[in-house]
Amino acid sequence: MSTAAAAAPDAAAPIVQLDGVRFRWRRKGPDILALDRLSVDRGERLFIEGPSGSGKSTLLGLLAGVTVPLAGRVQVLGETLSARSGPERDHFRADHIGYIFQQFNLIPYLGIIDNVVLPCRFSRLRRGRALARSSSLRAEAKRLLGHLDLAEPALLREAVTSLSVGQQQRVAAARALMGAPELIIADEPTSSLDADRRRAFVQLLFDECKATGATLIFVSHDASLEPLFDRTLRLAEANRAARLPG
Ligand code: ADP
Ligand code: MG
């Protein structure tokens with residue numbers, strides 16, 4: 001495995017920088033995203049707001065290096081992801097990005113702790129960071145779960161599939177935070193929760209990101225969460241593709 005993607009990222013660079021990015025899902029299809037510039041500083045908490053279909057998840061996919069743009073540049077931690085191969089981007093993502101999916105994507109045949117430990121199976125860097133913090137990976141998983149109010153030993157023996165939606169969401173958050181990745185990306189993780197629990201969940205994420213200095217990019221169509229964040233990106237306004245006629 002190479003090389004540049006595994007190299008130590010540039011500590012002074014903004015955590016995310018997009019320049020002149022255009023993206024489409026099909027080669028001959030319409031542009032889905034056209035963003036002149038997006039820069040996110042370290043430790044920032046960015047809220048991305050926009051109606052369904054406005055390209056929020058598509059943008060997160062570009063930031064995480066799941067996809068690459070048709071034109072323009074995507075940099076994360078100073079690394080130009082848009083110029084890297086698929087395996088290099090996968091490696092970079094495993095090391096530096098914790099992703100909370102809308103449907104959580106927990107592994108149903110693994111226990112709660114094994115789900116949380118999972119990122120450390122794919123990243124030596126995150127494994128090392130977790131072990132610098134706790135005596136074992138399981139101990140670190142339990143510590144994070146404890147911060148997310150999932151500490152009870154009896155609960156931790158349950159199958160992930162038997163947990164409530166709110167509990168599954170917190171397991172997904174603990175997994176994303178495991179091994180202290182620099183960037184946490186959350187794609188509408190609160191859409192199935194009531195308003196009080198949404199706020200509580202966002203606060204937990206803030207606390208954990210603050211503890212490790214992580215940057216949080218959080219997508220939601222729930223505008224009531226917006227005032228909690230440092231800054232909002234209104235995707236329907238920033239995205240020039242969305243304003244093109246036809
Ligand atoms: P949002 O997350 O804001 O709801 P998406 O980024 O999921 O929006 O979708 C933006 C547009 O891209 C929509 O028109 C959607 O149909 C299209 N799209 C999303 N994912 C794919 C995909 N994997 N393949 C083809 N088109 C897609
Ligand atoms: Mg989406």
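Read the numbers this way: they start at 1 and go in the same order the structure lists the ligands and their atoms. Throughout, numbering of the chain's residues begins at 1 and tracks the sequence.
The pair R138-D114 meets the salt-bridge criterion, with a side-chain N (NZ, NE, NH1 or NH2) lying under 4.0 Å from an Asp/Glu carboxylate O.
Tested against F47, the residues V219, I217, V202, L225 include a single side chain to side chain contact (heavy atoms under 4.5 Å, CB included) partner, L225.
There is a protein heavy atom less than 4.0 angstrom from atom 25 (C) of ligand 1. Closer than 4.0 Å to atom 16 (O) of ligand 1 lies none of the heavy atoms of the protein.
For E188 and H221, the side-chain atoms include at least one donor-acceptor pair closer than 3.5 Å. A side-chain donor from one of D222 and S224 sits under 3.5 Å from a side-chain acceptor of the other. Side-chain contact, T232 with E226: a donor N or O sits under 3.5 Å from an acceptor N or O. Between the side chains of T58 and W25, at least one donor N or O sits under 3.5 Å from an acceptor N or O.
At a 3.5 angstrom cut-off on N or O pairs, E188 does not count as close to ligand 1. Not a single N or O atom of I32, backbone or side chain, sits closer than 3.5 Å to an N or O atom of ligand 1.
Taking the ring centre of F206 as origin, the terminal cationic atom of R45 falls inside the region bounded by 6.0 Å and 45° from the ring axis.
For atom 4 (O) of ligand 1, the nearest protein heavy atom (residue, atom name, distance) is G53 N, 2.7 Å. Looking only at heavy atoms of the protein, atom 8 (O) of ligand 1 is closest to G55 N, 3.2 Å. Of the protein's heavy atoms, W25 NE1, 3.4 Å lies nearest to atom 19 (C) of ligand 1. For atom 7 (O) of ligand 1, the nearest protein heavy atom (residue, atom name, distance) is S57 CB, 3.8 Å.
Using a 4.0 Å cut-off to heavy atoms of P51, the atoms of ligand 1 that qualify are 3 (O). Residue contact check: T58 has heavy atoms under 4.0 Å from atoms 5 (P), 6 (O), 9 (O), 10 (C) of ligand 1.
Here the closest heavy-atom approach between residue N105 and residue R175 is recorded as O-NH1, 3.0 Å.
Taking backbone and side-chain atoms together, T58 has no N/O/S atom less than 2.8 Å away from the Mg ion (ligand 2).
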